[in-house]
Amino acid sequence: MSNERSNQSYQLIAHRGLPQDYPENTLIGYQHALALPIDMLEIDLHFTKDKQLVVIHDDTIDRTSNGKGKVKDYTLEELKKFDFGSYHDKRFKDEQIPTFDEVLDIHSKSSKKLLIEIKKPSQYPGIEKMIVDKLKDYHVPSSKVI
């Protein structure tokens, strides 16, 4: 990733982590993104059958895992059994879907902003409150989140 900044009027956003180098929306991708001089980390949130917030772009696991089906139809425990890394490269075999808690934990060690996207909020009644509550639990100031 080249990031020379001759003009400070823009911000660098690690969209889904570093999907050109790592499986998208994974902890390994986020950890490497947060080590770079980015301004913010973008994540996508959905929740599981047992109402756990997970980080994944699509509302299905078909494209980025070895499983099939909607995120909301699986429990977190069931989702953690799928491989979310091999689709990108076999070096990332057994990379798991991250929870919002896991992302907040690694994000809390950085000074970067967090850009949260909810893909289909109507599919997840109450997701906004769950997100706000988690942000409060992790003491994420409003100035560090979009």
Side-chain angles (χ1 to χ4, degrees), residues 1-48 50-67 70-72 74-121 123-124 126-146:
M1 177 179 156
S2 174
N3 57 356
E4 278 189 46
R5 294 190 194 195
S6 59
N7 177 346
Q8 290 294 317
S9 65
Y10 63 89
Q11 294 188 335
L12 292 175
I13 301 171
H15 185 248
R16 301 183 208 169
L18 293 174
Q20 67 277 16
D21 297 324
Y22 300 94
E24 68 179 59
N25 282 315
T26 59
L27 291 178
I28 191 167
Y30 290 149
Q31 288 164 337
H32 283 86
L34 289 169
L36 296 173
I38 62 168
D39 296 298
M40 66 184 78
L41 182 66
E42 184 269 348
I43 66 172
D44 304 288
L45 291 175
H46 293 267
F47 65 57
T48 63
D50 54 344
K51 303 290 189 262
Q52 300 298 307
L53 289 165
V54 291
V55 183
I56 183 171
H57 177 267
D58 304 347
D59 65 339
T60 69
I61 61 172
D62 302 24
R63 184 176 61 83
T64 57
S65 82
N66 61 341
K70 290 192 173 284
V71 173
K72 70 178 188 166
Y74 288 99
T75 65
L76 178 59
E77 182 180 354
E78 291 166 336
L79 285 171
K80 286 289 192 179
K81 292 177 182 173
F82 292 112
D83 172 2
F84 282 84
S86 293
Y87 83 91
H88 184 80
D89 188 299
K90 61 185 172 190
R91 293 177 298 144
F92 302 110
K93 183 178 178 351
D94 296 326
E95 189 70 28
Q96 296 181 335
I97 190 171
T99 64
F100 189 35
D101 285 299
E102 290 169 329
V103 172
L104 286 172
D105 186 53
I106 64 169
H107 175 261
S108 70
K109 297 169 181 73
S110 83
S111 61
K112 317 297 192 226
K113 287 186 179 181
L114 187 60
L115 174 58
I116 300 170
E117 187 171 349
I118 307 167
K119 289 294 177 190
K120 297 184 178 180
Q123 198 169 258
Y124 307 110
I127 192 170
E128 298 92 343
K129 182 177 179 347
M130 291 173 68
I131 293 168
V132 169
D133 289 348
K134 285 285 183 192
L135 292 168
K136 287 178 183 175
D137 290 347
Y138 280 83
H139 308 288
V140 179
S142 60
S143 60
K144 252 183 104 174
V145 68
I146 297 173

The test is side-chain contact (heavy atoms from CB on, under 4.5 Å); show your working for Phe82 and Ile97 and say whether it passes. CA-CA 8 Å; Phe82 292 112; Ile97 190 171; over 6 Å; no
Which pairs pass salt bridge (charged side-chain N to carboxylate O under 4.0 Å, His left out) with one or both residues in residues 53-65, sequence neighbours excluded?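 Those involving residues 53-65 are Glu24-Arg63, Asp58-Arg63, Asp59-Lys70, Asp59-Lys120.
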Heavy-atom count check: over 12 atoms from other residues, nucleotides or ligands less than 6.0 Å from Glu77 CD?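 Atom CD in Glu77 is not crowded, with 12 or fewer foreign heavy atoms closer than 6.0 Å.
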Any chance NZ of Lys109 has more than 12 other-residue heavy atoms, nucleotides or ligands included, within less than 6.0 Å?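 Enclosed.
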Electrostatic pair Lys134-Asp101, nearest N-O below 4.0 angstrom: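 Result for this pair is yes, salt bridge flagged.
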Pair His46 + Tyr124: ring centers closer than 6.0 Å: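 Distance test on ring centres: under 6.0 Å, yes.
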With no hydrogens and no angle check, do the side chains of Asp105 and Tyr138 hold a donor and an acceptor under 3.5 Å apart?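 Not at all, the side chains of Asp105 and Tyr138 share no donor-acceptor pair under 3.5 Å.
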side-chain contact (heavy atoms from CB on, under 4.5 Å) evaluation trace for Ile38 with Lys112: CA-CA 7 Å; Ile38 62 168; Lys112 317 297 192 226; 3.7 Å; yes
Using the six-membered ring wherever Trp is involved, compare the ring planes of His88 and Phe92 and label them parallel, tilted or perpendicular (cut-offs 30° and 60°).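 Because their plane-to-plane angle lies in the 30° to 60° range, the rings of His88 and Phe92 count as tilted.
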Test side-chain contact (heavy atoms from CB on, under 4.5 Å) on Leu18 and Leu36 and set out the steps. CA-CA 10 Å; Leu18 293 174; Leu36 296 173; 3.8 Å; yes
Restricting to side chain to side chain donor-acceptor pair (under 3.5 Å), what partner residues turn up for Asp50, sequence neighbours left out?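 Scan of Asp50 (side chain to side chain donor-acceptor pair (under 3.5 Å), adjacent residues dropped) gives Thr48.
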Testing Ile116, Asn25, Ile118, Ile56 for side-chain contact (heavy atoms from CB on, under 4.5 Å) with Asp44, which one passes?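 Checked Ile116, Asn25, Ile118, Ile56 against Asp44; only one passes side-chain contact (heavy atoms from CB on, under 4.5 Å): Asn25.
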